[in-house]
Amino acid sequence: MEADSPRGRIYQILQVDEGRLPIQTPFVEHIDRCLGCLGCQTACPSGVPYGHIVERARAEIQANYPRPFLERKLRDFFYSKLLRSNSRLSSVAKLLRFYQHSGLQTLVRKSGILKLLGLARVEALSPKIDKHFSFEDFGREFPAEGTQRGRVALLAGCIASVSFDDLNQATIRVLNKNGISVVIPNGQGCCGALHAHAGRLDEARAQARLNIDAVLDNSIDAIVTNAAGCGGTLKEYHDLLKDDPVYAEKAKQFVAKMRDINEYLDQIGLIATTKPLDKRVTYQDPCHLAHAQKIRSAPRQLLKAIGAQLVEMPNSDLCCGSAGVYNVVQNSLSMKILAAKMDDVSSVGSDIIATANVGCMLQLRAGVEQRGLNRRVAHVVELLNEAYE
């Protein structure tokens with residue numbers, strides 16, 4: 001449908017802006033169905049900043065459109081309460097961990113109640129909760145091995161701190177092996193990406209200020225993240241805070257030091273590994289790495305450097321359907337997009353599906369399980385870590 005194309009959405013946004021189209025359900029649905037993958041920005045010859053336009057449109061929806069009561073309450077709890085409090089997120093994660101490990105999850109799944117409620121596919125996408133949370137390492141510094149080549153601050157993430165601690169630990173070890181000292185600053189929080197994509201720009205700005213205060217330090221060479229989705233917004237802090245008289249300049253300094261982990265390792269040069277990865281690997285480009293940050297070659301170069309046989313899949317830079325919380329709020333569309341992605345994955349012979357974003361990892365793992373494929377889904381950094389062991 002034209003109304004669901006980038007051009008169609010921009011036309012509708014202009015009509016709303018001029019007062020010719022009310023912010024009602026049809027308009028909201030067309031804007032909500034956007035993945036925010038920014039593939040259209042890569043394709044656009046005129047350089048239209050579509051991502052910013054949609055975020056501003058969603059901000060207008062957030063301010064002027066009354067969503068259903070239950071949906072509104074769930075959104076407020078998730079964005080305003082859960083993501084913005086590490087302690088609250090930790091408490092909820094512990095409850096979810098008990099649900100997953102006590103046998104309750106298995107019982108609930110076998111009971112069929114999730115299917116009756118239409119929640120089975122969404123529940124299957126929920127991340128596994130780790131035993132150790134990255135929050136416990138906040139304030140610590142992990143020294144470089146051998147000659148120190150640099151010192152970086154690691155942004156551990158919010159959901160990643162409770163569900164991808166192994167990835168954070170792998171990131172630290174790989175950096176240490178490459179002579180980089182890693183500090184995990186205390187006081188850091190959610191990057192604000194999910195808030196910005198949902199049009200909750202004031203909350204995104206609040207998170208940006210919090211992270212700038214916690215992380216910005218002249219003693220560090222770079223600020224790194226292993227989540228491409230987070231990185232896309234972290235590198236936009238200068239835009240979020242451009243009208244803030246106190247933080248506008250600080251945001252520019254923050255962005256100047258911000259690096260995706262693949263980007264940083266490629267820039268400093270990878271120290272030789274000890275255990276070559278003798279596997280066929282296909283790489284899925286996370287949207288916010290390829291389209292938002294324009295980083296495509298670095299992950300591939302790192303994989304080749306550790307001995308992987310890189311096999312390119314068709315349409316590697318098309319969205320997998322994860323897109324933040326899209327696979328939850330637009331589950332049916334997300335699963336159709338995932339099915340197309342898994343067709344591309346299945347068309348090439350590989351042992352491992354590599355990517356560089358935690359949301360993509362969850363989505364691709366769901367696709368592998370649905371197809372019954374005997375393939376591992378892993379972050380590039382996890383594979384680098386294994387190559388050093």
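Just so it is clear, the values below take in all heavy atoms, side chains as well, and ignore hydrogens, waters and symmetry mates.
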- Distance only, no hydrogens: is a donor on one side chain within 3.5 Å (strictly under) of an acceptor on the other, for His288 and Gln293? no

- Item | Thr282 side chain to Glu312 side chain, donor-acceptor N/O pair below 3.5 angstrom | no

- Message: Is any side-chain heavy atom of Gln284 closer than 4.5 Å to one of Cys320?
- Response: yes

- Query: Charged N to carboxylate O below 4.0 Å: is that the case for Asp317 and Arg296?
  - Reply: yes

- Task: Identify the residue among Asn86, Asp165, Asp166 that makes a side-chain hydrogen bond (donor to acceptor under 3.5 Å, both in side chains) with Ser134.
- Result: Asp165

- Task: Determine yes or no for a side-chain-to-main-chain donor-acceptor pair under 3.5 angstrom, with Thr273 supplying the side chain and Pro276 the backbone.
- Result: no

- Query: With a 4.5 Å limit on heavy-atom distance, are the side chains of Gln309 and Lys304 in contact?
  - Reply: no

- Quick one: closest heavy-atom pair of Ile23 and Tyr65, and the distance? O-CD1, 3.7 Å

- Task: Group every Ile, Leu, Val, Met, Phe, Trp and Tyr by side-chain heavy-atom contacts under 4.5 Å, then state whether Ile261 and Ile352 land in the same group.
- Result: yes

- Task: State plainly whether the residues Arg300 and Asp285 are in salt-bridge range, i.e. N to O under 4.0 Å.
- Result: yes

- Message: If hydrophobic clusters are built from ILVMFWY residues whose side chains come within less than 4.5 Å, do Phe164 and Leu96 share one?
- Response: yes

- Query: At their closest point, which heavy atom of Leu201 faces which heavy atom of Ala59, and how far apart are they?
  - Reply: CD1-CB, 3.9 Å

- Query: Hey, any chance Val325 and Ile31 share a hydrophobic cluster, counting ILVMFWY side chains that come within less than 4.5 Å of each other, even indirectly?
  - Reply: no

- Query: Hey, mind stepping through Ile337 and Leu35 against side chain to side chain contact (heavy atoms under 4.5 Å, CB included) and telling me if it holds?
  - Reply: CA-CA 10 Å; Ile337 295 166; Leu35 286 155; 3.8 Å; yes

- Distance from Glu203 atom CD to Ser80 atom OG, nearest 0.5 Å? 3.5 Å

- Item | Separation between CG of Asp137 and CZ of Phe142, rounded to the nearest 0.5 Å | 4.0 Å

- Examine Val152 and Leu270 and state if one hydrophobic cluster contains both, with Ile, Leu, Val, Met, Phe, Trp and Tyr joined whenever side-chain heavy atoms are less than 4.5 Å apart. yes

- Message: Would you say that Ile159 contacts Leu83 through its side chain, given a criterion of any heavy-atom pair below 4.5 Å between the two side chains?
- Response: yes

- Task: Indicate yes or no for a side-chain donor-acceptor contact from Ser111 to the backbone of Val108 under 3.5 Å, with no hydrogens or angles considered.
- Result: yes

- Task: Decide side chain to side chain contact (heavy atoms under 4.5 Å, CB included) for Phe133 and Leu89; before the verdict, give the C-alpha distance in whole Å, the side-chain angles of both, and the deciding distance to 0.1 Å.
- Result: CA-CA 11 Å; Phe133 293 168; Leu89 178 58; over 6 Å; no

- Query: More than 12 non-hydrogen atoms from neighbouring residues, nucleotides or ligands closer than 6.0 Å to CD on Glu369, yes or no?
  - Reply: no

- Query: Are Lys177 and Asn385 side-chain neighbours, meaning at least one heavy-atom pair lies under 4.5 Å?
  - Reply: no

- Can you tell me if Asp17 uses its side chain to pair, donor with acceptor, with the backbone of Ile13 under 3.5 Å? no

- Query: Would you find more than 12 non-hydrogen atoms of other residues, nucleotides or ligands less than 6.0 Å from Arg7 atom CZ?
  - Reply: no

- Message: Nearest 0.5 angstrom please: Lys279 NZ to Arg375 CZ, how far?
- Response: 13.0 Å

- Task: Could you pull out the closest heavy-atom pair between Asn357 and Ala227, with the gap in Å?
- Result: OD1-C, 3.6 Å

- Donor-acceptor under 3.5 Å (His195 side chain, Asp202 main chain): no

- About how many Å separate NZ of Lys250 and CG of Asp244, when rounded to the nearest 0.5 Å? 9.0 Å

- Item | Shortest non-hydrogen contact between Arg259 and Ala222, atoms and distance | CG-CB, 4.2 Å

- Flag side-chain contact, heavy atom, 4.5 Å: Phe98 against Ile129: no

- Do the charged groups of Asp343 and Lys336 touch, with an N to O distance under 4.0 Å? no

- Query: Distance-only, no hydrogens or angles: does the Gln100 side chain make a donor-acceptor pair with backbone N or O of Pro127 under 3.5 Å?
  - Reply: yes

- Query: For atom NZ of Lys131, is the number of surrounding heavy atoms from other residues, nucleotides or ligands below 6.0 Å larger than 12?
  - Reply: no

- Could you walk me through whether Leu155 and Val224 pass side chain to side chain contact (heavy atoms under 4.5 Å, CB included), step by step? CA-CA 6 Å; Leu155 286 169; Val224 298; over 6 Å; no

- Query: Is the backbone of Leu154 close enough, under 3.5 Å, to the side chain of Gln188 for a donor and an acceptor to pair up by distance?
  - Reply: yes

- Under a 4.0 Å N-O cut-off, is there an ion pair linking Arg33 with Asp4? yes

- Electrostatic pair Lys275-Glu389, nearest N-O below 4.0 angstrom: no

For a quick test of your reading: what N or O donor-acceptor pairs under 3.5 Å do the side chains of residues 45-52 make, sequence neighbours left out?
{"residue": "Tyr50", "atom": "OH", "partner": "Arg9", "partner atom": "NH1", "Å": "3.4"}
{"residue": "His52", "atom": "NE2", "partner": "Glu236", "partner atom": "OE1", "Å": "2.8"}

- Message: Once rounded to the nearest 0.5 Å, what's the spacing between atom CG of Leu362 and atom CG of Asn327?
- Response: 8.0 Å

- Where the side chain of Asn64 meets the backbone of Glu60, is there a donor-acceptor pair that is under 3.5 Å apart? yes

- Item | Donor-acceptor side-chain pairing of Asn178 and Tyr388 below 3.5 angstrom | yes

- Before giving the answer on side chain to side chain contact (heavy atoms under 4.5 Å, CB included), spell out for Tyr326 and Leu333 the whole-Å C-alpha distance, their side-chain angles and the decisive distance to 0.1 Å. CA-CA 9 Å; Tyr326 192 91; Leu333 280 172; 3.5 Å; yes

- Using 4.0 Å as the upper bound for N to carboxylate O, is an ion pair formed by Lys73 and Asp76? no

- Query: Looking at CG of Leu277 and CG of Leu384, how far apart are the two atoms once the value is rounded to the nearest 0.5 Å?
  - Reply: 9.0 Å

- Query: What do the steps show when you test Arg67 against Asp32 for salt bridge (Lys or Arg N to Asp or Glu O under 4.0 Å), and what is the final call?
  - Reply: CA-CA 12 Å; Arg67 293 184 185 272; Asp32 280 352; 3.0 Å; yes

- May I ask you to decide whether Asp260 forms a salt bridge with Lys235, counting only side-chain N to carboxylate O separations under 4.0 Å? no

- Query: Centre of Phe77's six-membered ring, under 6.0 Å away, within 45 degrees of the axis: is that where NZ or CZ of Lys81 sits?
  - Reply: no

- Item | Heavy-atom pair with the smallest gap, counting every atom of Phe135 and Cys158 | CZ-O, 4.0 Å

- Is Glu71 salt-bridged to Arg75, cutoff N-O under 4.0 Å? yes

- Val246 reachable from Tyr237 in the ILVMFWY side-chain graph, under 4.5 Å edges: yes

- Query: Is the backbone of Met361 close enough, under 3.5 Å, to the side chain of Thr355 for a donor and an acceptor to pair up by distance?
  - Reply: no

- Query: Sub-3.5 Å donor-acceptor pair from the side chain of Arg376 to the main-chain atoms of Ile353, do we have one?
  - Reply: no

- Message: For Pro299 versus Tyr283, what's the shortest heavy-atom pair and its separation?
- Response: CG-OH, 3.3 Å

- Can you check whether Arg97 reaches Lys128 side chain to side chain, under 4.5 Å on heavy atoms? no

- Note on the structure: Exactly one of Ile172, Thr171, Ile220, Asn168 clears side-chain contact (heavy atoms from CB on, under 4.5 Å) with Val182, and that residue is Ile172

- Query: Do any N or O atoms from the side chain of Glu382 and from the backbone of His379 form a donor-acceptor pair under 3.5 angstrom?
  - Reply: yes

